[in-house]
Amino acid sequence: MSRILIIEDEQSIAELERDYLEINGHEVDIENSGDKGLQRAISTDYDLIILDLMLPKVDGFEICRRIRSEKDIPILMVSAKKEDIDKIRGLGLGADDYIIKPFSPGELVARVKAHLARYERLMGKRETKNDEVRIRGLMIDKTARRVFVNDKEVIFTTKEFDLLTFLAMNPNRVFSKDQLFDHLWGMDSMGEIATVTVHIRKLREKIEQDPSNPQYIETIWGAGYRFRI
Ligand code: CA
């Protein structure tokens with residue numbers, strides 16, 4: 001599945017685009033302002049960006065330039081004015097394609113499909129896909145050992161990362177503190193069982209919206225912990 005970001009200030013157009021892309025099997029996020037769109041485009045891994053030209057705060061020209069300075073992903077620019085196309089070309093912003101409003105959703109889907117296919121061929125030669133675990137707003141990239149909570153990277157120590165990954169890979173199972181300690185620290189470790197409690201607390205502080213009311217790592221009284229999906 002491909003992840004697409006739509007940066008578009010007209011919500012009805014954004015939703016129409018999203019609906020058609022979702023029907024075609026893509027995962028779609030929408031941002032309505034230029035500044036937020038730019039921030040999200042830079043901080044999150046998307047496979048393609050659909051970028052409206054006229055946006056509040058930061059316009060499409062600037063966003064295209066900034067994304068292109070950091071990423072190679074396809075950028076499909078959308079404009080209501082034919083004159084803008086010449087401007088986009090003239091500025092050499094690195095946009096991959098242009099589409100004029102109003103356009104048919106079918107045309108948009110076809111263009112998106114073509115650019116994704118081209119980009120995948122390009123990327124396929126360069127790298128293999130990382131091994132990732134996604135549970136609601138949590139994304140664990142096992143290959144790069146990185147964790148993202150609601151698209152923001154959170155830094156974990158080695159043991160915290162190992163504990164989180166172990167729990168997330170074994171969801172809906174209860175593990176006692178002893179089991180977790182043995183698994184993560186080993187039988188002959190000098191540590192104490194209490195270190196498990198400390199690590200669970202740290203994980204919650206990092207991944208839970210409200211650590212006192214955890215949605216991921218539940219405490220099962222008298223038994224241990226369970227990762228909920
Ligand atoms: Ca606009």
Side-chain angles (χ1 to χ4, degrees), residues 1-123 126 129 132 134 136-139 141 148-154 209:
M1 186 169 28
S2 301
R3 291 193 78 190
I4 296 172
L5 174 64
I6 296 172
I7 308 176
E8 168 64 70
D9 57 330
E10 286 170 74
Q11 185 63 15
S12 59
I13 293 179
E15 285 175 1
L16 182 72
E17 292 173 357
R18 181 191 61 197
D19 291 349
Y20 272 86
L21 292 167
E22 282 182 350
I23 289 167
N24 283 273
H26 304 294
E27 192 182 318
V28 181
D29 293 325
I30 294 173
E31 283 294 349
N32 297 119
S33 72
D35 53 343
K36 284 192 184 146
L38 174 60
Q39 200 178 30
R40 190 152 183 168
I42 298 294
S43 65
T44 310
D45 277 337
Y46 288 102
D47 299 299
L48 184 141
I49 294 185
I50 296 173
L51 177 59
D52 182 37
L53 202 52
M54 290 304 146
L55 290 162
K57 305 272 170 78
V58 185
D59 72 17
F61 293 112
E62 176 66 9
I63 294 172
C64 184
R65 200 179 58 73
R66 296 273 295 278
I67 295 172
R68 190 47 83 230
S69 70
E70 301 204 19
K71 298 187 176 199
D72 287 333
I73 50 170
I75 301 173
L76 180 55
M77 293 196 85
V78 175
S79 173
K81 289 188 281 180
K82 279 204 174 72
E83 308 90 86
D84 287 333
I85 300 307
D86 293 333
K87 199 173 166 193
I88 294 167
R89 285 201 185 111
L91 288 169
L93 296 165
D96 294 276
D97 203 356
Y98 328 93
I99 193 163
I100 304 278
K101 286 180 190 172
F103 49 81
S104 75
E107 186 184 356
L108 178 76
V109 170
R111 299 262 194 115
V112 164
K113 200 175 157 190
H115 284 287
L116 285 173
R118 194 175 61 84
Y119 181 61
E120 271 167 27
R121 278 199 305 277
L122 214 69
M123 294 307 284
R126 261 189 261 168
K129 191 117 179 77
E132 295 172 353
R134 287 177 193 270
R136 300 191 292 281
L138 179 69
M139 198 278 268
D141 182 338
F148 296 83
V149 180
N150 297 322
D151 296 330
K152 273 196 186 144
E153 183 166 16
V154 181
Q209 210 147 40

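Whatever order the structure lists ligands and atoms in, that order sets their numbers, starting from 1.
For Arg40, the CZ atom sits in a packed shell: over 12 heavy atoms of surrounding residues, nucleotides or ligands are nearer than 6.0 Å. The neighbour count for Glu62 CD, taken as heavy atoms of other residues, nucleotides or ligands under 6.0 Å away, is above 12.
Residue contact annotation: Glu8 places no N/O/S atom under 3.0 Å from the Ca ion (ligand 1). At least one N/O/S atom of Asp52, from backbone or side chain, sits under 3.0 Å from the Ca ion (ligand 1).
Side chains of Asn32 and Gln11: a donor-acceptor N/O pair is present below 3.5 angstrom, by distance only. Under 3.5 Å, the side chains of Asp29 and Tyr46 contain a donor-acceptor pair of N or O atoms.
To the nearest 10 degrees, the angle centred on the Ca ion (ligand 1) between O in Met54 and OD1 in Asp9 reads 90°.
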